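As structure tokens, the structure follows; a few thoughts come after it.
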Amino acid sequence: MSRTPMYFGRPGSLFEIPHPRGGARLTRDRPTSTFRTAAGSARVGKTSEGVRQYTLAWEQLWYETFAQLEAFDQGHEGPGPFALIDPGRINMLTVNQSSATSLLNDTDNFTVAGSGGTVVSSFTDFDRGPRSLAWNFAFASSGALTLDTPAADWPGIPVVQEVALTFSLYAKGAGTDAILSLTPKLEWAAVNGDVLSTDSGTPLTTNSSAFQAASVTATPPATAAYALCKADATGQSAGSILYLDRFQLEAASALTAWRPGTGVLPVAVISLAEEWLWEAADYRRGPALVLQEVA
């Protein structure tokens with residue numbers, strides 16, 4: 001099995017950190033409450049969104065490596081928050097994005113531009129389900145769909161230079177004219193949010209009989225810190241509909257099977273355990289870095 005790197009740091013300056021040979025604990029917490037009814041049954045309430053607390057444990061680190069982490073813990077890299085690219089999370093999109101609105105039953109985290117184009121959460125037609133994103137066109141004009149950034153302070157999803165990304169989605173046409181052209185795109189932005197360039201995939205021609213995959217694979221430019229996932233639609237008529245499902249952004253050189261996404265969220269450093277053995281000051285035994293996702 002190949003080893004997938006783990007990256008941490010300030011967006012635009014991410015660096016590879018050693019895999020935690022002592023293990024990683026990263027359960028996503030969605031606060032839940034349970035109460036009994038007067039009839040003897042039970043009801044469960046669970047928040048729609050959640051956050052992770054990462055505990056990355058190493059058996060040992062040489063001080064040169066430990067010092068890189070210590071700089072973040074002690075404030076040498078600023079107050080944060082920072083970014084962690086976790087190789088255990090394949091899909092980098094948020095839950096509502098990757099599930100095509102199935103989490104919230106609304107279009108949060110999606111934005112459309114263009115005359116006459118609107119999006120809704122739909123249960124009418126889907127590939128994976130239980131819902132899809134339905135893009136409705138009132139006019140025969142082009143439109144652009146953007147998957148919103150996961151954090152207000154970030155102009156996109158943090159990326160690692162020279163690590164290829166693949167953005168994919170599945171589409172099916174409907175309405176008065178089901179034959180449309182859909183082009184997936186990856187837009188690259190600098191640390192300050194300035195757009196550097198955009199890479200486009202091969203346009204997909206939709207039909208009304210089946211969902212088809214559309215994807216774009218590209219490598220971030222040298223000065224890129226963030227990526228935004230987009231899709232352009234052309235060739236539609238008044239009354240055309242696009243059903244979109246299975247959104248995914250992954251660190252891969254080609255499209256792979258869809259996995260659920262929980263987003264790349266900012267993290268704050270909670271603690272960094274430190275211990276060294278007698279006469280081994282250049283060595284740290286059992287260090288553990290605790291990071292908390294912040295919304």
Side-chain angles (χ1 to χ4, degrees), residues 3-31 47 49-94 149-163 165 189-193 220 222-227 251 261-295:
R3 183 184 65 86
T4 305
M6 176 179 284
Y7 297 93
F8 176 67
R10 291 178 284 108
S13 301
L14 301 183
F15 64 96
E16 184 177 349
I17 61 177
H19 264 249
R21 295 192 64 179
R25 286 188 285 116
L26 37 84
T27 302
R28 189 168 187 259
D29 180 34
R30 294 175 62 193
T47 61
E49 300 290 355
V51 291
R52 296 180 186 277
Q53 185 173 92
Y54 294 88
T55 300
L56 309 178
W58 292 270
E59 294 177 0
Q60 65 86 24
L61 291 175
W62 293 109
Y63 179 71
E64 287 77 7
T65 303
F66 179 86
Q68 289 183 291
L69 303 176
E70 185 179 36
F72 288 89
D73 178 45
Q74 297 300 317
H76 300 80
E77 295 288 339
F82 307 106
L84 177 72
I85 306 299
D86 173 13
R89 309 304 308 166
I90 305 301
N91 193 340
M92 302 168 72
L93 301 178
T94 67
T149 175
D153 293 338
W154 288 352
I157 298 171
V159 300
V160 182
Q161 285 85 7
E162 299 183 359
V163 175
L165 296 178
V191 172
N192 62 1
T223 56
Y226 302 96
T262 54
V264 178
L265 300 181
V267 296
V269 178
I270 301 300
S271 63
L272 178 62
E274 181 177 8
E275 176 185 353
W276 55 271
L277 300 173
W278 177 66
E279 292 191 343
D282 59 346
Y283 170 91
R284 295 296 184 270
R285 181 173 69 176
L289 175 67
V290 180
L291 304 169
Q292 175 65 59
E293 283 186 339
V294 291

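Remember, predicted model here, so these are calculated numbers, not experimental data. Heads up: numbering here begins at 1 and tracks the sequence.
- Note that CZ of F8 and CG of L289 are 6.0 Å apart. Values are rounded to the nearest 0.5 Å.
- Between P150 and I157, some side-chain heavy-atom pair lies under the 4.5 Å cut-off.
- Of the inter-residue distances, the one linking T262 atom OG1 with M92 atom CE reads 11.0 Å to the nearest 0.5 angstrom.
- When all heavy atoms of G9 and F15 are compared, the closest pair comes out as CA-CE2, 4.4 Å.
- Considering only residues two or more places apart in sequence or on other chains, E59 meets the side-chain contact (heavy atoms from CB on, under 4.5 Å) condition with R21.
- Around the CZ atom of R25, the shell of radius 6.0 Å holds no more than 12 heavy atoms that belong to other residues, nucleotides or ligands.
- Considering all non-hydrogen atoms of both residues, M6 and L56 come closest at SD-CD1, 3.9 Å.
- For V159 against A224, the heavy-atom pair with the smallest separation is CG2-O, 4.0 Å.
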Given side chain to side chain contact (heavy atoms under 4.5 Å, CB included), test V264 with I85 step by step and report yes or no.
CA-CA 7 Å; V264 178; I85 306 299; 4.0 Å; yes

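- Closest approach of L93 to N91, counting heavy atoms only: N-OD1, 3.1 Å.
- Separation of atoms OH (Y63) and CG (D282) is listed at 11.0 Å; rounding is to 0.5 Å.
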Could you list the donor-acceptor pairs under 3.5 angstrom formed by side chains in residues 73-84, with sequence neighbours left out?
from	atom 1	to	atom 2	distance (Å)
E77	OE1	R10	NE	2.8
E77	OE1	R10	NH2	3.1

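- Put simply, the side chain of Y226 does not reach to within 4.5 Å of the side chain of T149, judged on heavy atoms.
- To the nearest 0.5 Å, atoms CG (L26) and OG1 (T55) are separated by 8.5 Å.
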Apply side chain to side chain contact (heavy atoms under 4.5 Å, CB included) to the pair Q60 and R285, showing each step before the final yes or no.
CA-CA 5 Å; Q60 65 86 24; R285 181 173 69 176; 5.6 Å; no

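- For W58 (side chain) and P18 (main-chain N/O), a donor-acceptor pair under 3.5 Å exists by modelled atom type.
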Between F72 and L272, is the side chain to side chain contact (heavy atoms under 4.5 Å, CB included) condition met? List the steps.
CA-CA 9 Å; F72 288 89; L272 178 62; over 6 Å; no

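- Two residues are said to be in side-chain contact when any heavy atoms from C-beta on lie closer than 4.5 Å; P287 and E274 fail this criterion.
- No more than 12 heavy atoms of other residues, nucleotides or ligands shown are found within 6.0 angstrom of CG on D153.
- With rounding to the nearest 0.5 angstrom, the CZ atom of R52 is 7.5 Å from the OG1 atom of T27.
- For the atom pair CG (L69) and CG (L61), the distance works out to 6.5 Å, reported to the nearest 0.5 Å.
- Heavy-atom minimum distance, E49 versus R30: O-CG, 3.7 Å.
- In this structure W62 satisfies the ring pair (Phe, Tyr, Trp, His ring centres under 6.0 Å) test together with Y283, sequence neighbours excluded.
- The nearest pair of heavy atoms linking P266 to A151 is CG-CB, 3.6 Å.
- Using modelled atom types, one finds no donor on one side chain facing an acceptor on the other under 3.5 Å when comparing Q292 with Y54.
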